[in-house]
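Take a look at the structure below.
This structure is a prediction, so every number in the text was calculated from the model and none was measured. Ligands are counted one by one from 1 in listed order, and the atoms in each one are counted from 1 as well.
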Amino acid sequence: MPRKISYPLILVNLKSYREALGSRALAIARKALRVSEEYGVSIAIAPQIVDLRDVASTGVPTFAQHVDPVPPGSWTGHVTLEAVKDAGAIGVILNHSERRLRVSDVGRIVDMSRRYGLLTVVCGDMVDTAVALSLLKPTMVAIEPPELIGSGKAVSRVSPHSVAETVRRVRRVAAEVKVLCGAGITSGEDVRAALKLGASGVLLASAVAKAKDPGAKLGELARAVRDFIDRGG
Ligand code: G3P
């Protein structure tokens, strides 16, 4: 049975990295589960679609990286909500800057996801976009400036204002929507900075997917979350 998530959340997007494909995705998922148990911190994995069922079967909370805005039926090469739900995902990432959607399609998928009992993480590339998308009432919005993606320069440290401002404005217009931040998140310090700014978690990719030792990297990130919780913020 797929686990539930809690906040603060560490959501690891494995993207299309070769280093995180197939058996390597599974190994990362198993490490994520172990680290999550050790620190009592929620870690979820978004593998490539072809690895979704295997990764979900480990019991780690699993997200699809994208779904298409179509119902089941006569479509070719599309990924449906029904398919990712059937594969064991508990949620979907939508509108990542590497896989954008029309706003109307984001809205449709968010609504359909509710009916399927799937969580939604909607990405926005800047503050205004993230705030506007929060009005669609996804479970989470993620503020991710594209220029920082894969840069190793954490949004929470080089652009703290964008995180704090997203948190402040989303609280005002859609208080139930959690705010994650992502792009360049690499270290425990980056995670701590994100949480201090009011984020409910981080969305990251390369620091884990391309790490020599993904388990050790996940441990560093989870320890930062644990410390933050134990110190009361
Ligand atoms: O989805 C998370 C991602 O876009 C951030 O990538 O490699 O900067 O952690 P990265």
Side-chain angles (χ1 to χ4, degrees), residues 5 8-21 24-25 28-29 31-32 35 42-49 51-52 55 60-67 79 84 89-101 106 109 119-127 129-130 133 138-160 162-163 166 178-195 197 199-214 216-222 224-225:
I5 56 153
L9 171 68
I10 298 171
L11 174 52
V12 181
N13 177 3
L14 300 182
K15 299 200 173 180
S16 301
Y17 285 122
R18 179 184 291 137
E19 295 89 335
L21 175 65
R24 292 179 290 274
I28 292 172
K31 282 174 184 154
V35 169
S42 200
I43 303 177
I45 303 287
Q48 296 185 42
I49 293 294
D51 291 325
L52 204 57
V55 166
V60 79
T62 304
F63 283 67
Q65 295 179 9
H66 166 79
V67 295
V79 179
V84 302
I90 63 160
V92 297
I93 296 173
L94 298 170
N95 199 44
H96 193 282
S97 60
E98 294 155 1
R99 198 65 159 93
R100 287 188 201 271
L101 287 160
V106 175
I109 301 172
L119 308 178
T120 43
V121 180
V122 174
C123 301
D125 57 356
M126 52 181 144
V127 178
T129 320
L133 290 168
T139 319
M140 296 164 244
V141 289
I143 169 79
E144 278 214 346
E147 65 279 10
L148 295 177
I149 292 178
S151 69
K153 289 186 224 148
V155 61
S156 53
R157 302 229 265 177
V158 303
S159 186
S162 63
V163 180
T166 306
K178 305 280 185 191
V179 175
L180 309 183
C181 68
I185 301 282
T186 304
S187 67
E189 269 313 303
D190 299 340
V191 172
R192 186 187 323 280
L195 301 183
L197 292 166
S200 295
V202 291
L203 173 58
L204 79 156
S206 48
V208 172
K210 297 176 82 177
K212 278 212 175 73
D213 184 345
K217 181 49 74 178
L218 285 167
E220 176 189 341
L221 305 176
V225 175

Sub-3.5 Å donor-acceptor pair from the side chain of [X] to the main-chain atoms of [Y], do we have one?
X: Thr166; Y: Ser162; result: yes
X: Glu19; Y: Lys210; result: no
X: Thr186; Y: Ala207; result: no

Only one of [options] forms a side-chain contact (heavy atoms from CB on, under 4.5 Å) with [X], so which one is it?
X: Glu144; options: Thr129, Asp125, Ile149; answer: Ile149
X: Val92; options: Val67, Val121, Leu119; answer: Val67
X: Leu221; options: Val202, Val35, Leu204; answer: Leu204

Would one find an N or O of [X], backbone or side chain, under 3.5 Å from an N or O of ligand 1?
X: Ala183; value: no
X: Ser206; value: yes
X: Tyr17; value: no

Of all the atoms in ligand 1, which lie at a distance below 4.0 Å from a heavy atom belonging to [X]?
X: Gly150; result: 7 (O), 8 (O), 10 (P)
X: Glu144; result: 1 (O), 2 (C), 3 (C), 4 (O), 5 (C)
X: Ile149; result: 4 (O), 6 (O), 8 (O)

Could you tell me whether the side chain of Leu9 reaches within less than 4.5 Å of the side chain of Met140, counting heavy atoms only?
yes
Out of curiosity, is Gly184 lining ligand 1, as in a heavy atom under 4.0 Å away?
yes
What protein heavy atom lies closest to [atom]? Include the residue and the distance to one decimal.
atom: atom 9 (O) of ligand 1; answer: Ala205 N, 2.8 Å
atom: atom 1 (O) of ligand 1; answer: His96 NE2, 2.9 Å
atom: atom 6 (O) of ligand 1; answer: Lys15 NZ, 3.4 Å

List the residues meeting salt bridge (charged side-chain N to carboxylate O under 4.0 Å, His left out) with Glu147, not counting sequence neighbours, and say none if there are none.
none
Is the contact between Glu98 and ligand 1 made by the side chain, the backbone, both, or neither, using heavy atoms and a 4.0 Å cut-off?
neither
Mode of Asn13 contact toward ligand 1 - side chain, backbone, both, neither (heavy atoms, under 4.0 Å)
side chain
